[in-house]
Undergrad: 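One structure coming up, written as structure tokens, with questions to follow.
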Amino acid sequence: MNRVKEDLRGELKEYEPLARYTSWRVGGTSRRFYKPADIHDLSIFLSSLPENEELMWLGLGSNILIRDGGFSGTVIFTLGCLKNIDLINTKTLVRAEAGVTCAKLAKFCAKNGFSDSCFFAGIPGTVGGALMMNAGAFGGVTWDHVVAVETIDRFGKLHVRSPAEYTIHYREIKAPPGEWFVAGHFSFGQDDPVKLQQQIKELLHKRSISQPIGVLSCGSVFRNPPGDFAARLIDISGLKGTCIGDARISEKHANFILNSGKATAQDIESLIELAADKVESIHGVRLIPEVHIIGETNSYDDQI
């Protein structure tokens, strides 16, 4: 890998604290951490890794809980790195790379008159994460607008795939194994840019009324069960305001767990389990976490 390092233009770190990169501000360190300069640079880096190296992709750090023991593999950080967003195919499609925030994609689309795109403003993540989990907000869903995706495999080879190659579900997709999204191509209708920009403002105002904004959270913790809402079930189970350590179920929106100060990842994970257990015991419905829980409970160094 030393020879490959000479060709890399990104930033490679070892034993990097991950809490600063997550919206909950919790989590241990990663063995390796790489911020690629661009997709080509990422390809070179991936080709240099051992075939069995475990990878974690990180953008805005929402919708992810990294355990206190950290991550023993390599983190690929895309936010502000894979950041290009362009109009393609005579300006009828939008290409956005994995590190573009969904909020930026929404603003770009509104400015260019792409209707049905404003829902992206309500997704607290990046394009890569939105593709991975079929994220949605305000009635809109990511994969309803995907016409193609660009992926990269662990050997650094790039692929272009169509939606037909994926099985798409609510808040998850089934994809070819060993590949990760580096860009998406999106199609929308047409409308007046001024009208769309105003619509984004109205949607964000609506969100600020119903959800805790400006606090340490990951967004929605649980998926909504069929025909119901996770927040409603948690609320009527009497769990609003419940705390474990500095982790607290929001009084404003029960499907949000907040870090009120010095919560650990274990505090948050324990509160997730408590909420799921109590809702199941009262209502017979087992809530499925939307947030991805990754990493080691204890420091991976202690396990060597």
Side-chain angles (χ1 to χ4, degrees), residues 1-14 16 18 21 30-61 63-64 66 70-86 88 93-102 105 125-135 142-143 145-169 171-186 292-295 300:
M1 180 160 177
N2 288 335
R3 185 175 178 181
V4 174
K5 280 184 179 180
E6 298 175 2
D7 299 323
L8 295 175
R9 294 174 289 112
E11 183 179 357
L12 178 63
K13 300 179 180 180
E14 295 185 347
E16 178 72 0
L18 296 176
Y21 301 102
S30 63
R31 176 90 56 176
R32 275 182 293 272
F33 183 94
Y34 192 65
K35 296 172 63 175
D38 51 34
I39 292 176
H40 178 68
D41 180 65
L42 174 60
S43 176
I44 295 173
F45 177 74
L46 290 175
S47 70
S48 73
L49 294 177
E51 186 174 342
N52 62 349
E53 180 78 358
E54 190 175 4
L55 300 177
M56 174 169 58
W57 296 70
L58 196 59
L60 264 178
N63 202 53
I64 189 169
I66 300 172
F71 182 69
S72 60
T74 296
V75 171
I76 307 295
F77 185 64
T78 64
L79 181 65
C81 307
L82 307 186
K83 59 184 179 181
N84 291 327
I85 180 168
D86 305 285
I88 58 176
L93 300 176
V94 177
R95 177 186 180 272
E97 292 184 348
V100 173
T101 66
C102 293
L105 175 60
T126 56
V127 167
L131 289 169
M132 184 183 72
M133 63 170 291
N134 194 22
T142 298
W143 277 82
H145 301 279
V146 174
V147 296
V149 290
E150 299 171 29
T151 68
I152 194 167
D153 62 30
R154 66 173 311 105
F155 304 106
K157 184 179 179 180
L158 295 168
H159 308 265
V160 177
R161 299 195 178 276
S162 73
E165 297 177 74
Y166 297 84
T167 303
I168 302 163
H169 299 289
R171 295 299 181 266
E172 69 174 335
I173 62 164
K174 294 182 179 179
E179 294 182 17
W180 297 269
F181 298 113
V182 292
H185 300 190
F186 303 91
H292 295 268
I293 302 173
I294 297 174
Y300 49 80

Undergrad: Looking at Glu11 and Arg9, is any side-chain nitrogen of the basic one under 4.0 Å from a carboxylate oxygen of the acidic one?
TA: no
Undergrad: Do side-chain atoms of Glu97 reach the backbone of Lys83 as a donor and acceptor pair under 3.5 angstrom?
TA: yes
Undergrad: Is any side-chain heavy atom of Leu55 less than 4.5 Å from a side-chain heavy atom of Leu49?
TA: yes
Undergrad: For a quick test of reading the model, state the closest non-hydrogen atom pair linking Glu53 to Gly73 and the distance between them.
TA: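 Between these two residues, the closest heavy atoms are OE2-C, 3.6 Å.
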Undergrad: What are the two closest heavy atoms between Ala130 and Cys102, and how far apart are they?
TA: CB-SG, 3.8 Å
Undergrad: Drop me the distance from Leu46's CG to Asp153's CG, to the nearest 0.5 angstrom.
TA: 8.0 Å
Undergrad: Taking all heavy atoms of Arg95 and all of Ala183, pick out the closest pair and write down the distance.
TA: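 Smallest heavy-atom distance, with atoms named: NH2-CB, 3.9 Å.
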Undergrad: To the nearest 0.5 Å, what is the distance between CE on Met132 and OG1 on Thr126?
TA: 8.5 Å
Undergrad: Where do Val94 and Ile88 come nearest, in terms of heavy atoms and distance?
TA: N-CG1, 4.5 Å
Undergrad: Is a side-chain N or O of Asp41 found less than 3.5 angstrom from the main chain of Gly10, in a donor-acceptor match?
TA: yes
Undergrad: Determine whether Trp180 and Thr151 make a side-chain contact, defined as any pair of heavy atoms from C-beta on separated by less than 4.5 Å.
TA: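 The answer is no, as the side chains (C-beta and beyond) never meet within the 4.5 Å cut-off.
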Undergrad: Within the supplied structure, the quantity of interest is the number of heavy atoms (other residues, nucleotides, ligands) at a distance under 6.0 Å from His159 NE2; does it exceed 12?
TA: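 Yes, because the 6.0 Å sphere around NE2 of His159 holds more than 12 heavy atoms from other groups.
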Undergrad: Nearest heavy-atom pair of Ile152 and Val182: which atoms, and what distance?
TA: CG2-CG1, 3.6 Å
Undergrad: Output the distance between atom CE (Met133) and atom CD (Glu172), rounded to the nearest 0.5 Å.
TA: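 Between atom CE of Met133 and atom CD of Glu172 there are 10.0 Å.
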Undergrad: Mind running side-chain contact (heavy atoms from CB on, under 4.5 Å) on Leu18 and Phe33 for me, showing each step along the way?
TA: CA-CA 9 Å; Leu18 296 176; Phe33 183 94; 3.8 Å; yes
Undergrad: So, does Thr142 use its side chain to make a donor-acceptor pair with the main chain of Asn134 at under 3.5 Å?
TA: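 Flag not set: sc Thr142 to bb Asn134 has no pair under 3.5 Å.
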Undergrad: Looking at side-chain heavy atoms only, is the closest gap between Phe186 and Val127 below 4.5 Å?
TA: yes
Undergrad: OG1/Thr74 to CD/Glu14 distance, rounded to the nearest 0.5 angstrom?
TA: 9.5 Å
Undergrad: What's the separation between atom CD1 in Ile168 and atom CG in Leu131, rounded to the nearest 0.5 Å?
TA: 10.0 Å
Undergrad: Would you please test Tyr34 and Leu8 for side-chain contact (heavy atoms from CB on, under 4.5 Å) and show each step?
TA: CA-CA 10 Å; Tyr34 192 65; Leu8 295 175; 3.5 Å; yes
Undergrad: Measure the spacing between CG of Leu58 and CD1 of Ile64 and express it to the nearest 0.5 Å.
TA: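 Taking CG in Leu58 and CD1 in Ile64, the distance rounds to 5.5 Å.
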Undergrad: Using atom types as modelled and distance alone, determine if a side-chain donor or acceptor of Glu16 lies under 3.5 Å from a backbone N or O of Ser30.
TA: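 A pair under 3.5 Å: no.
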Undergrad: Are the side chain of Arg154 and the backbone N or O of Glu51 linked by a donor-acceptor pair below 3.5 Å?
TA: yes
Undergrad: Which word best sums up how the rings of Tyr166 and Trp143 line up, parallel for under 30°, tilted for 30 to 60°, or perpendicular for over 60°?
TA: tilted
Undergrad: Return the minimal non-hydrogen interatomic distance between Pro36 and Leu42, and the atom names on each side.
TA: CB-CB, 3.8 Å
Undergrad: Are there more than 12 heavy atoms of other residues, nucleotides or ligands under 6.0 Å from atom NZ of Lys157?
TA: no
